[in-house]
Each structure stands twice: as structure tokens, then as C-alpha cells.
Amino acid sequence: MYLLNFITDVYAMGPAPQGGAQGDPVMGLIASLLPLLLIIVVFYFLLIRPQQKRAKEHRQMLENLKRGDKVITVGGLYGVVDSVNPNTVVLKVAENVKLKFSKQSIAALRPQTDED
């Protein structure tokens, strides 16, 4: 009971509410939406846009795969492209050892100067 009275007294001692009926409602709306818009813009430029750029580069890399390219799979397997089909890639990983992978499982190209 004492706590309830204390809280009421604290609110009564506070400053008078600002704005109210004499404030501009449009400015109040803009002021309340501005932080949300700022967060959306920051997320777009720091998270969404770079991810879209990386995805586009990965798609282009997969489209340009050709025989003889040295690649790394998402599982960490190093190989040389033996053949490319629309959805699959055959990698040569050792003498007389060829493995068939989904194109999406190719993570990156290796430099041609990498040793096998």
C-alpha cells in the first residue's frame, strides 16, 4: 500500500507532460518512426546488401565453371573440375578417382597456382 502511494507521489512530482494538444501530430509521428527507419537502413547496408552481393558473385562463379578449374567444395574437398552439367559437377580428386557433386556444393575457386 505504501509503495502504491510512493509511486503516485513520484509521478505527481515529475515535470508536466510535453507536447499534448498543442504539439504537431505529424512531427510526433516522424519522431517516433525515425529510429525504426534508421534501424532498417543500417540493416540493409550492413547485412542484406553485402549478402546479396556475395550470392550474386557465387552464382556467376558457378555459371562460369569449366573443365580444369581448381575448386573447393563446401565440405572442404579440393578437386579439379572434370566435367560440368547443368546441375552437377564431376571433380577429379586423385588419380582415377572422380566424384559427382551438386553445383551448389562448390564453395570457391582456387588459384591455378595452388599445388594439388
- Task: Group every Ile, Leu, Val, Met, Phe, Trp and Tyr by side-chain heavy-atom contacts under 4.5 Å, then state whether Ile48 and Val41 land in the same group.
- Result: yes
- Are Leu62 and Leu109 co-members of a hydrophobic cluster defined by side-chain heavy atoms under 4.5 Å apart? yes
- Task: Establish whether Leu65 and Val93 are linked, either directly or via other cluster members, by ILVMFWY side-chain heavy-atom contacts under 4.5 Å.
- Result: yes
- Might you point out which heavy atoms bring Val71 and Arg110 nearest each other, and give the distance in Å? O-NE, 3.6 Å
- Item | Interatomic distance, Lys103 atom NZ to His58 atom NE2 [nearest 0.5 angstrom] | 11.0 Å
- Task: Can you run down the side-chain hydrogen bond (donor to acceptor under 3.5 Å, both in side chains) pairs that involve residues 72-83, sequence neighbours left out, and say none if there aren't any?
- Result: Asp82-Lys98
- Work out which heavy atom in Val84 is nearest to a heavy atom in Val81; give both atom names and the distance. CG2-CG1, 3.5 Å
- Item | Any donor-acceptor pair under 3.5 Å from Thr88 side chain to Asn85 backbone | no
- Query: Which other residues belong to the hydrophobic cluster containing Leu38, where Ile, Leu, Val, Met, Phe, Trp and Tyr are joined when side-chain heavy atoms lie under 4.5 Å apart, directly or via other members?
  - Reply: Leu34
- Task: To the nearest 0.5 angstrom, please state how far the NZ atom of Lys56 sits from the CD atom of Gln51.
- Result: 14.0 Å
- Rounded to the nearest 0.5 Å, the CG atom of Leu77 sits from the CD1 atom of Ile106 at a distance of 9.0 Å
- Query: Do you know which two heavy atoms are closest between Ala31 and Pro35, and how far apart they sit?
  - Reply: O-CD, 3.4 Å
- Would you kindly confirm whether Leu47 and Ile39 end up in one hydrophobic cluster when ILVMFWY residues are joined by side chain heavy atoms under 4.5 Å apart? yes
- Euclidean distance, Lys100 NZ relative to Leu91 CG, rounded to 0.5 Å: 12.0 Å
- Between atom CZ of Arg59 and atom CE of Met61, what is the distance when rounded to the nearest 0.5 Å? 11.5 Å
- Are Val97 and Val89 connected in a single hydrophobic cluster, I mean Ile/Leu/Val/Met/Phe/Trp/Tyr linked by side-chain heavy atoms less than 4.5 Å apart? yes
